[in-house]
Amino acid sequence: MTNLVGSLQAHEFAVRLSESGIVIQTGRFATRIRSPIRSVAEGLHSLYADFPLADPDFADFHISLDRPRTLRRWVRKQVQFYFDGRTPFKPLPYAQAFPMLEWGLNWCVANHAHRYLILHAAAIEKDGCGVILPAPPGSGKSTLCAALVTRGWRLLSDELALLDIDDGTVAPLARPVSLKNRSIDVIREFAPDAIIGPVVHDTSKGSIAHLRPPRASVVRAGERMVPACVVFPKWAQGHAAELRRVPRARGALRLAENAFNFPVLGELGFQALARMVDATQCHDFVYGSLEDAIGTFAGLVRERARDCELVSA
Amino acid sequence: MATAWKLAHDEAIECRHWDDEWVVYNKLTGDLHVVDARAILLLRRLEHGPADANDLAAALRRASPAMADGSMIDGSVSDIEAMLEAMHACTLVEPV
């Protein structure tokens with residue numbers, strides 16, 4: 001039987017994390033994490049409770065979060081992110097340890113998983129209707145994604161959509177959803193039962209808190225998704241939900257702009273992107289209310305079901 | 001004498017067609033460009049060798065009946081020169 005993070009008592013988990021470290025399986029990636037920092041232990045134990053503990057002898061990424069190993073540690077309390085013993089980032093204030101872990105995990109995938117075209121996008125799915133939500137920061141992508149996954153949509157990723165360059169499927173990487181500033185209270189109100197971690201203030205992105213991913217999404221971490229739609233979301237106060245078709249050539253350009261490793265993959269990246277555009281419809285989506293947005297996305301699922309019925313007939 | 005143009009590099013572009021627009025992927029720069037059917041016809045013509053704006057205008061006129069929607073492709077020499085300059089800025093073509 002697979003051990004889950006949440007199957008360990010909080011104290012035991014914190015001790016293991018600070019000593020030998022623990023290996024957590026997120027999607028197809030196993031990450032060894034070591035940290036003596038309490039907020040990291042609490043955040044992992046709470047928000048990753050449903051994730052499996054992987055084989056301790058193998059990990060794709062080896063990371064740790066600790067106080068910097070320099071004189072700086074005596075001047076101001078800070079946290080440093082270590083990747084294979086190296087420090088890819090400048091240290092951050094100690095209170096930002098858990099957000100730094102999340103950013104660091106994203107960095108590991110975005111910089112190393114080049115068998116995928118990695119889109120800065122959320123990826124969700126319901127009843128076989130896979131949707132990619134690419135968007136720049138501030139567009140309301142994570143808020144929309146959080147709202148949808150609290151209403152039965154499956155979370156594949158909030159931040160990094162992994163498009164397999166061989167077969168065009170999206171590989172799941174369901175991890176906590178990063179909520180920023182006003183979105184934190186918006187989701188608390190929208191989904192009162194959702195588990196949201198502590199708010200960390202004054203980060204480079206403002207106030208940050210993380211939503212625990214639905215257990216049903218974590219359990220399905222081995223099931224890939226075939227995208228049916230690309231939706232570019234934009235939140236606008238007071239705006240009625242409106243879905244507008246985007247010409248696919250324009251959609252292709254915007255997808256490329258949101259792909260972290262498009263220049264790294266070169267022609268393979270273009271072919272993967274073109275295959276996805278061939279098989280999907282692209283839309284702009286403006287919304288001012290999460291309830292309206294839920295309704296619009298339910299319409300996408302119905303449309304997809306109708307299309308499938310037509311094909312099978 | 002009119003300037004002759006050629007592809008910046010042989011086999012350096014890949015094109016895809018969606019709706020009524022084309023996307024050109026420049027393998028050398030990694031850039032994508034949305035272009036219309038006329039630009040694609042110019043690039044296809046230049047794949048066969050260098051040509052100047054007059055040759056290209058003639059090639060567009062010959063290709064016109066082949067347009068799928070039956071529309072005529074129009075291109076004056078000055079239009080084509082402007083298109084070539086724009087494609088030069090995107091490292092798709094260059095003067096010989």
Side-chain angles (χ1 to χ4, degrees), chain A residues 110-111 114-121 132 134-136 161 163 165-168 227-232 243-284 303 307, chain B residues 6-47 60 63-64 66-75 79-80 82-94:
Chain A
N111 284 274
H114 296 313
R115 64 170 287 188
Y116 303 101
L117 179 64
I118 304 172
L119 301 168
H120 181 214
I132 305 284
L163 185 69
I165 57 176
D166 290 329
D167 63 13
C229 296
V230 176
V231 176
F232 298 95
L243 204 57
R244 271 186 309 231
R245 186 68 59 87
V246 172
R248 287 191 289 180
R250 309 282 160 171
L253 249 64
R254 290 164 66 182
L255 281 166
E257 287 165 4
N258 281 282
F260 288 107
N261 59 345
F262 191 71
V264 176
L265 293 176
E267 203 172 346
L268 286 176
F270 175 67
Q271 288 164 354
L273 184 143
R275 178 159 51 183
M276 182 164 78
V277 173
D278 280 339
T280 56
Q281 296 292 345
C282 298
H283 303 273
D284 271 324
E303 196 174 305
D307 291 348
Chain B
K6 65 185 184 74
L7 293 180
H9 294 273
D10 289 340
E11 299 177 5
I13 58 170
E14 190 168 335
C15 306
R16 296 295 174 107
H17 180 217
W18 289 293
D19 310 315
D20 57 352
E21 291 180 313
W22 291 77
V23 170
V24 176
Y25 172 63
N26 185 333
K27 298 177 191 175
L28 295 174
T29 63
D31 292 332
L32 296 182
H33 309 281
V34 175
V35 299
D36 63 14
R38 293 185 309 163
I40 292 297
L41 285 169
L42 295 189
L43 291 169
R44 294 292 185 226
R45 166 62 187 84
L46 292 174
E47 281 176 344
L60 281 190
S64 185
M67 288 294 285
D69 63 359
S71 63
M72 295 292 288
I73 293 185
D74 192 19
D79 282 349
I80 287 169
M83 288 170 64
L84 288 164
E85 288 296 343
M87 289 197 284
H88 184 211
C90 299
T91 329
L92 294 171
V93 301
E94 63 185 22

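So you know, we letter chains A, B, ... as the sequences are listed, proteins then strands, and number each from 1.
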Please classify the contact between A:Pro247 and chain B as side chain, backbone, both or neither, with a heavy-atom cut-off of under 4.5 Å.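 Contact with chain B is through both the backbone and side chain of A:Pro247.
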Which one of A:Gly266, A:Ala256, A:Gly251, A:Pro263 has the most heavy-atom pairs closer than 4.5 Å to chain B?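 Among the listed options, the one with the most contacts to chain B is A:Gly266.
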Measure across A:Arg250 and B:Val34 and return the closest heavy-atom pair with its distance rounded to 0.1 Å.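 Shortest heavy-atom separation between A:Arg250 and B:Val34 comes out as NH2-CG1, 3.5 Å.
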For A:Ala249 against B:Val23, the heavy-atom pair lying closest together: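 Shortest heavy-atom separation between A:Ala249 and B:Val23 comes out as CB-CG2, 3.6 Å.
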Within residues 9-17 of chain B, residues adjacent to chain A where the heavy-atom gap is under 4.5 Å: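 Counting heavy atoms that sit under 4.5 Å from chain A, the residues of residues 9-17 of chain B involved are B:Glu14, B:Arg16.
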Quick one: pull up CG in B:Asp31 and CZ in A:Phe262 and give me the separation to the nearest 0.5 Å.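 Rounded to the nearest 0.5 Å, the CG-CZ separation comes out at 9.0 Å.
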Would a 4.5 Å heavy-atom cut-off, applied to side chains only, mark B:Tyr25 and A:Leu273 as touching?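 Side-chain contact under 4.5 Å: no.
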